[in-house]
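Chain letters run A, B, ... following the sequence lines, proteins first, then strands; residues in each count from 1.
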Amino acid sequence: MPPPTLPTSLSPHVCILASPDVQEVLEGAGLPPLPEILQCFSPLPQITTRTTSLTSVPHASFALRFSDVLEVENAVHEDEEQRAGRTMDWIGSRISQRCEKWVEMLETSAREGGSKMWRDRTPWWEEVKRCVEGDHVPSSTEGWNHPVSLILAVTTTAANPLQALQELASRAFDFPPWVDLTSLRYFLIIHPSNSPLADPIAEALFNAVKKQYGLHSFLLPLLLPTDPVPAPVPVPALPPRLPTISSLDSPSLTPQPSGSGGDTITPAPTPPPPPASPMPHAPRPPTLTHRTQESPAQPDVEYTGNTLRLSQDDIQQIGRFVREFVTMSLVPWMEKCVVEWNENYSSSRRLPSRLFSSTRRLFGASAAASSPATPTHGSSPSVSSVTSRFTHGTNNSVSSITSITSVSTMGGGNVNQQRRLAEFATILGDYRLAISVWETLRKEGKGGSDILPLLSAPSPALALHADHALSNLRGPQPRQGLPFEAPAHAQYRALVYAVRWDSGIDRQDFLSSTLEGERWLVKAASSAEEPPTAILYAHAAFLSEIKGARRRAALWYLVAAEKLEKTGIKPLAMYFFRRAHELYQNPPPKELSPSFWESEDRSTTQWEGFSAVIPAIEHELGRLLYTTGDTAGAVRYFLALLKPPVQHGPQSHSNAGNGAISPLLPQPSRTKVFLEDFRVAFKHFKVTEGDAWKSLGLQLPVSFCQVKQTRVRFPGDAVEGDSAAWEKLEEDWAVFWSVRGKEKLGKSGKAAVDETFWVDLVLRNPLDVEVSLSGLTVSVRESSSKDAESNPDFVEVEELDDIVLGAKDTRTIPVAVTCKRPASLVVTHVLYEFFSLLPAKESLAVRGRRLNDTPVQRQGKVYAPDVLIKVEVEEAGQRLHAHFVDDRHLVLAQGEYKHQLLWLTNSGTRPISELWVLAGEEDELWIDGTESQEASSSSPPKTEVLQSSNSLAPRSPYRISLEAIHSAPQLAPGEAIQLPFILHAAHHGEQDLCMLFVFRENEGAQFHCARVTRRYEVKPILNVSASARPSASPDQMYILNLEVENITGASNVEVKQISTMSASWECTPLLPSTSVVIPPHQLANVTLGVSRWDSGTDPSEAREFVARKLKAVLQEETIDPSEPPPIELACTHMASGSDIVPLHTPATRHFIHCGRRTMTAQSTAAAHPNIPTRLHRSIFPLYNPSTVDIVLFWSLPAQKRAGHILLQGPMLGAEHAPLRELVEAARNTKVKRSMYAETQRERAAILEAVEACEWNRELDPVAVFVTDGDVVQHDFRQGPCPVPLSFTLRNLSLTHPARVTLKLSENPERDPSDNLLPPPYAGRLVHRATIEPSRSCTARAKLWATRPGCYALDSWTVETEVGEPSPSGSASESAPGSTAKAGRASWKSRQLRYLQRPQAGARPCVTVVDVGRLA
Amino acid sequence: MSHHLFLLSPSDTPLYSLTHYSSKPSQSTSSPLASNLPSWSTSAFAGTLTALSGASSASQTQHGQGGTVKIGGGQDRHVIQMIANASLDAIEEVMRKESVMYLKSVDKFNEWTVSAFVTPGNMKFVLLHESRNDDGIKAFFNDVWELYVKTMLNPFHTAHTPIRSPVFDARVRASAKKHL
């Protein structure tokens, strides 16, 4: 290990006591005081010392420190704490005075490419270092500043030099008792050339002195020419010294002794080395080296610390003196001391004393001594009384050494002989001895940890030494981060240590990973809020940056900056903030595979980092700039901060911590603070600097407009309606018209001249604070003009003021635009003023679609040109305005008829002669000009036959004949017509009535359209349900029961008429029909008998049609577009009196058709989801012949409202899987293999749906009716009673015969707990019959009752087999026996068999009463 | 006493962050400085002395309250984030030397100790904490890792996708409550 270079503060301290005449002589020659002159010669080259083992150690440079005794005496009396505090403040003030220039200098040098000078050092740290190194006041804790030697100086100009020397020698020193006075006394006689004594006499005087005071004396002859004054010689600057208290009292804060000018740093770019250096001081500490460079810059100052007006001869003389002083006196004396003290030291280490001490340690007699690393007891009074056992030996110093281990200001000193030994050995370069003594001291807890890192080879233990040294300083301190600040002197000592480590340890070693010296600095800095500690952080950051740890450097710069900001040193704080910002934003490159970035589709430079860091730094910078007067810069920073906060983690509670304590209230939004600052700063800027802000080019970093959602809205556009519904209507029209002509429907997306249209801007506030925008408008240009000149004069654009958007709020704001002539306009930008302060402009262009056409486009990301919002403005030729006359909110009852009036105005310039209207598929409208034609026939019949097309086809657009509702065949410009229509509110819930009017001027012209929409609400008032059951009566096959419930809260509902419609069934009321008034929440029942109706069209036609079409579907053939054959429906009306509404009234018929269509379409779509909807109309008919539909006309008499409800009734009659063969065939055909599993699945799904659909119903056709409730009176005295029974069997099928077998037998599964008697059947127990369609037969059976009682008739089974209809279709009713033979011949089974037992709930019974016993 | 967890992508982009206030009493470990020092510092009587002087109990209660009062998610959030960011330097250095996933405490800054966990996919979990709790932190990191792996199973989740899953968040919080 190369010998370490000790910091200058660890060099011998030589005090000089000069008689007053010395000062006079030097002042006369224009020279500074003697210590300062001597200091210039300080680092002596080539000094050799010897160790205790007599090996010589060469010192390339040997530093000395000279000071005035009086100064030291004054300073040493000041309280150490106070002095440390003063020192810290003083350093701080020096930094704050100079930092502005430093920052300026560094910035210029960085701009100009940078001089190398500041690459490995920083001016602020150099300054701190110089201040700390320059401290020469003895401290009670260490002996470095205790004087090693005392030079007593007189001149021969004194009246009596010998006398003067005598006085000096006998002077008592005014030092505190802990100052070690073991020092070498040296006598210096200065013999200036203008002295009254001649040279020989001076020589004689010198001899006398030698004789009297020993050999440590020197005669220094000096020329000291005054005329001409010698040229100034540059010398190293003196280290700055802390001003004394008295000088601080003066108003000027400039540190006097060091001279304000001398330390101002204005380095010359490439300073020449000092031409005539007083001594060849080759290797000097870097501090001094660079200070000398400043000297030429200050030649005109009267006296500076940097030049000395000495002649060459004198320089030689003084140099010789200093050298002789060191080599002949000081070093030998120190060596002698070391040898002597080492004797003492090693004797104390011998066995007995060690035993003694370790015994004591073992038994804990002195806890203080034994626990040096536990600093907690430093202030404990029980400890301070323990005097040290290290006061033995011949220590002639006056110190009253106690064993206070931690640094404290308790009055005692810590400097004893052993410590002096260590220090002397260190100075002399006897490192082996020094290290061992320091180790001993350290183990005893008397310091040394701070010096050891300087002397030892780098090892991890050094970091622990450093830690220990610092923790000893801090004393008992809570480990955790309380706002606890160490006392000033602890801070100061930590600073001193840090400076020594930084300058004493080789930079490379210091930064190596074993030492991590930059962390020592941070530890030394701790939590104190003083400029020097901030500088420590900054230096640590600087070192980290050199080392490559840029992120750590950023952190430490940030801490340094925050500390400096608190102490008010703003320029430097700003500089550090900028450094932190810069370092943070440029993290070291990541060693990641390039394919990582590729796979993530990210750029390597894209780095987001932590969300709070940059805003915090920029905010601080902005505030600093604002307070330092740079409003423009501050505004820029504040503006950049207005970004939406980034969230990491789930949105819900990303800010909240969890756990037991949540110590803080929800923090105020940072953005709010930023925004407030921005507003204040910007307002101030506008007030003070006028329009200067315009040149700053400020851009708002957030955008409010959601470009993609921005739309242009024209007056004709109905905003409310569902856009899909409108598209559907337009499509319907296109389909409708495509077979009729070629004229296209003009797009509605055009604005008209002089007509206002709106740009609907969607504004979203991304910030979490409320913002206000004023002057919101859009900029519009003509698409032909390329220049971005906004708003041509023929366009008027609205400007909106004071739009307030809440936090995270989204609002749609329409901006009205009016154009005065036809043009093609482009809406380019949104303009607004942010808080009425900053105008902002956002583009409304949307990025074009991604292009994928060429390989180049596919490999990269290429987009089509931006899409702008374009508006065509045309002459208002063909315009129609439609609106409802009554625009109130409509609340309708379900099924209500509502007469509506629509107002149609031709607002264009051309007449309209053709007008069509389209409405939604499910909207039921009746538009008829000839409404009052209702021929009220005297008494409409109770039955009627309704013709229906039976087609599912949707309604086609309706052409409004203008002649009918208007006086002229065309609608001239400006004219208006009223269009009356009836709205039938069929479906309950919120509904939108959307009507599209398509119109044109004349035949062959283009169509235009207009929209109108009406929102209404439909509430149900009736609950209607229908049920049917087979009837036992021969008059009708079924009984249909209708249940009507009034579900209104308060109104009576009158059921005026009930009509039924069916293709195969005819209904008759079983009771004389009356008008039914149902009170609220009441039910009414209506019973109808249903019998077969076969006088209409053959219902099988429809069935066959479906079968044919489904066959095509299953065989995957093309479906021909033919529609089902028309059908006739038998209608029966039940109404009170003659007030019957015939169903063939056009409006009613239309509504019924529409309602039925909606129902069938919906149910078909639900049943056959895999058959496309467009094919439904050519596969399925509107009416299934077996259904019975019910129309119920109601009225609310009190409210004069009326309407009807269409109810899909039950499907009656049995059917026998008419599609079975079809399905079987499809299932059994050779499966066409398909590549796609989905196709197979779809095919299977279609098949399943067909099998399950209503056209393939299958039902047991036989209904069994047993005589029920008969009471037979019998006298059992005459024997058992034969009770006759009849079983009526009815074939409910309309088409197929059925063969039935009725078996009467005991029911083996009979419930034994039943209280009814089992039926004792007698006679023929098996009855067989074949029943023709819709016929019935009766089987007679007998019950052999042996005792009175109630006999259950539940023990029978009916087996049914369905046969194919006979071709003859004979429908003659005959007894079961006779037809059996005839039927058997042509019997062909349909392979459908059923077994029927009594229904679980039904309990028919026969009661036999014993009349004999009664009699 | 609070904990701050950050999940950083391989490119050091924070994907998730959590602030956890622990309810557990801070463990009264002896000063970390003292425990780091060589053997001389372990004195048999140090404990007795501190107990006699009564200073330690006072300081403990003080810091029990003080720790939570000082650092929250509030104004010095950026300092917390800076510390986490700065610790990446140390983490990378340790990663070069060792190939374990749990890096124990890699860095220190004032009262904050930084523990880290590096997944095989080079995700870094960084935890700022005030007291030593190696086992708890290790268990916590393992939990978070498992949860993270489950999150990564989502095919739409890349190494740069910020984790916004409330399930992940809830589970991490539960684990933090359990272990920290």
For the atom pair CG (A:Leu558) and CE (B:Met82), what is the distance rounded to the nearest 0.5 Å?
4.5 Å
Side chain from CB out, backbone as N, CA, C, O: work out which of these in A:Glu620 comes under 4.5 Å of a heavy atom of chain B, or both, or neither.
neither
So what's closer than 4.5 Å to chain A heavy atoms on B:Leu8: side chain, backbone, both or neither?
side chain
Show, in sequence, the C-alpha distance, side-chain angles and deciding distance for B:Asp107 and A:Arg519, and conclude whether the side chain to side chain contact (heavy atoms under 4.5 Å, CB included) test is met.
CA-CA 10 Å; B:Asp107 204 358; A:Arg519 286 174 188 271; 2.7 Å; yes
Give the ring-plane orientation class for B:Phe6 versus A:Phe610, where under 30° counts as parallel, over 60° as perpendicular and anything between as tilted.
perpendicular
Can a salt bridge be assigned to the pair B:Asp89 and A:Arg550 using a cut-off of 4.0 Å between side-chain N and carboxylate O?
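Salt bridge absent between B:Asp89 and A:Arg550.
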Hey, is A:Arg551 close enough to B:Glu92 for a salt bridge, meaning N to O under 4.0 Å?
yes
For the student: nearest non-hydrogen atoms of A:Ala612 and B:Gln81, plus distance
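Between these two residues, the closest heavy atoms are N-OE1, 2.8 Å.
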For A:Lys590, does the NZ atom sit with more than 12 other heavy atoms under 6.0 Å from it, leaving out its own atoms?
yes
Would one find more than 12 heavy atoms of other residues, nucleotides or ligands at under 6.0 Å from atom NZ of B:Lys104?
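Counting neighbours around NZ of B:Lys104, 12 or fewer heavy atoms of other residues, nucleotides or ligands fall under 6.0 Å, so no.
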Measure from the ring center of B:His78 to the ring center of A:Tyr584 and say whether it is less than 6.0 Å.
no
Choice from B:Asn85, B:Thr158, B:Leu88 maximising heavy atom contacts with chain A below 4.5 Å
B:Asn85
Pair count under 4.5 Å, heavy atoms only, with chain A: among B:Ser87, B:Pro10, B:Ala90, highest is B:Pro10
Do the non-hydrogen side-chain atoms of A:Phe596 and B:Asn122 ever get within less than 4.5 Å of each other?
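No. Closest side-chain heavy atoms not under 4.5 Å.
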Take A:Val613 and B:Val79 through the side chain to side chain contact (heavy atoms under 4.5 Å, CB included) test and state the conclusion after the steps.
CA-CA 7 Å; A:Val613 174; B:Val79 178; over 6 Å; no
Identify which of A:Ala549, A:Pro588, A:Pro615, A:Ala554 forms the greatest number of heavy-atom pairs closer than 4.5 Å to chain B.
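Among the listed options, the one with the most contacts to chain B is A:Ala549.
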